[in-house]
Number of protein chains: 2
Amino acid sequence: MEVYESLRLSNQLCFPLYLCSKEIIGRYTPFLKPLDLTYTQYIVMMYLWEQQHSNISDMGKALLLDTNTLTPLLQKLEAKGYIERQKSPNDGREMIIALTERGYALRTEATKIPELMRTCINLTPEEAEILYKLLYKVLLNLEGGKHDNH
Amino acid sequence: MEVYESLRLSNQLCFPLYLCSKEIIGRYTPFLKPLDLTYTQYIVMMYLWEQQHSNISDMGKALLLDTNTLTPLLQKLEAKGYIERQKSPNDGREMIIALTERGYALRTEATKIPELMRTCINLTPEEAEILYKLLYKVLLNLEGGKHDNH
DNA sequence: TAAATATATATCGCATGCGATACATTTTTA
DNA sequence: TAAAAATGTATCGCATGCGATATATATTTA
């Protein structure tokens, strides 16, 4: 039975990571409902609030999402009136994503959300800092070793 | 602009958590393909390798998944011949999930996966320990405060 | 410059993940 | 014990997330 010790759920790092991500996203749902946003849509809006505008591939690089996720999601945000999508005049392949007035205004309604989430997560600033750094370290390691099998 | 500082992606803890979970699951895909398992199916199999058998609600409590996810997933695992599903003789509502020979045997093929993933994640044992504990702390905090708005 | 490549986005199919609802069976209550 | 409530599972609809492929446009190459 010792042989299988490494396969115990309680010995996996991926499992609490998977649960944490899932549960935290779940805790956002009630906060985001008044803004008519899902969690992924919220991430996209945060990106746009910082960048003002972007094409899909730059957005995808920043959020680690591909067009097969972003294109339909952006079409939904356009339908809600939060963003505009138009072909770039410089490059007919590019799609320029820009905030509308309404999408920009949403930012004000969103300002309370980060503090609400900090209360849910309930770590000390020091703990949060350590967790943050370890997560980015893992991300870096994962990206670094991504193409080992080539 | 200071007002919106808290809304920057680089100031969110949820974002690297979300990315880490997503990217790590992505890294499992090639390891799990030979076993014909997705990540969530792998989690379910790990649970069953430990428990031998279970009903759906106990499994759901352990994995934080509801029947709307588990029922179709378990039907797929049954179709692959890894598990059996049958009504409990004691309680006609309960569905007993048990490993088949083939499902149990899969455990041997899976033993190398945890070490492969540790290599991808590439943290020191100390870092992994800290990350593990912080994640479970967050999970506890999230579950604890779950019913605040009642 | 015509053909081959590369780039940017879109679409398709499948597997979650979850809110909401429906159904069957058991347990509790009046 | 008949009705009500609780429990366990299943189904539906929608939003990701991603592998694979298709399409349109730009760039490079022969």
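The structure presented is a predicted model; accordingly, all values stated were derived computationally and were not measured. Here is how names work: the chains are called A, B, and so on, in the same order as the sequence lines, proteins then strands, and each is numbered from 1.
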> Which salt bridge (charged side-chain N to carboxylate O under 4.0 Å, His left out) pairs, counting each pair once, include a residue from residues 74-86 of chain B, with sequence neighbours left out?
Replying inline: B/Asp36-B/Lys80, B/Glu78-B/Arg85

>> Show me the pairs that pass salt bridge (charged side-chain N to carboxylate O under 4.0 Å, His left out) and involve residues 129-142 of chain B, at least two apart or across chains.
In response: A/Glu127-B/Lys137, B/Glu129-B/Lys133

>> Give the residues of residues 67-77 of chain B touching DNA chain C, defined as any heavy atom closer than 4.0 Å, sorted by residue number.
In response: B/Asn68, B/Thr69, B/Leu73, B/Lys76

> Starting at the 5' end of DNA chain C, which residue's closest nucleotide do you reach first, B/Asp66 or B/Asp91?
Replying inline: B/Asp66

>> Let me spell it out: for each of A/Ile25 and A/Lys87, pick the nucleotide of DNA chain D with the closest heavy atom. Which residue's pick is nearer the 5' end?
In response: A/Ile25

>> Considering only residues two or more places apart or on different chains, which pairs with a residue in residues 113-142 of chain A satisfy ring-ring contact (aromatic ring centres under 6.0 Å, His included)?
In response: A/Tyr132-A/Tyr136

> Among all residues two or more places apart in sequence or in another chain, which pass the side chain to side chain contact (heavy atoms under 4.5 Å, CB included) test with B/Glu50?
Replying inline: A/Arg8, A/Leu9

> Could you walk me through whether A/Tyr42 and A/Ile113 pass the side-chain contact (heavy atoms from CB on, under 4.5 Å) check?
Replying inline: CA-CA 11 Å; A/Tyr42 174 59; A/Ile113 296 181; 3.6 Å; yes

>> Applying ring pair (Phe, Tyr, Trp, His ring centres under 6.0 Å), can you list everything that pairs with B/Tyr18, at least two apart in sequence or on another chain?
In response: A/Tyr39

>> For B/Lys80 and A/Met95, find the nucleotide of DNA chain C closest to each by heavy atoms; which residue's nucleotide sits nearer the 5' end?
In response: A/Met95

>> Just to verify, what does B/Ser57 make a side chain to side chain contact (heavy atoms under 4.5 Å, CB included) with, not counting sequence neighbours?
In response: B/Asn55, B/Lys61

>> Nearest heavy atom decides the nucleotide; on that basis, is B/Gly26 or B/Glu94 closer to the 5' end of DNA chain D?
In response: B/Glu94

>> Taking B/Leu64's backbone N and O only, do any of them form a donor-acceptor pair with A/Lys22's side chain (distance below 3.5 Å, no angle check)?
In response: yes

>> Students should find this one: the first and last nucleotides of DNA chain C, 5' to 3', lying under 4.0 Å from a heavy atom of chain A. What are they?
In response: C/dA6 to C/dC18

>> Applying side chain to side chain contact (heavy atoms under 4.5 Å, CB included), can you list everything that pairs with A/Thr119, at least two apart in sequence or on another chain?
In response: A/Glu115

> Got a sec, which residues hit salt bridge (charged side-chain N to carboxylate O under 4.0 Å, His left out) with B/Lys87, two or more places apart in sequence or on another chain?
Replying inline: none

> Residues from residues 33-43 of chain A sitting under 4.0 Å of DNA chain D, heavy atoms only?
Replying inline: A/Thr38, A/Thr40, A/Gln41

> What pairs with A/Thr29 under side chain to side chain contact (heavy atoms under 4.5 Å, CB included), at least two apart in sequence or on another chain?
Replying inline: none

>> Ignoring hydrogens and geometry beyond distance, is the side chain of B/Arg93 in donor-acceptor contact with the base of D/dT7 at under 3.5 Å?
In response: yes

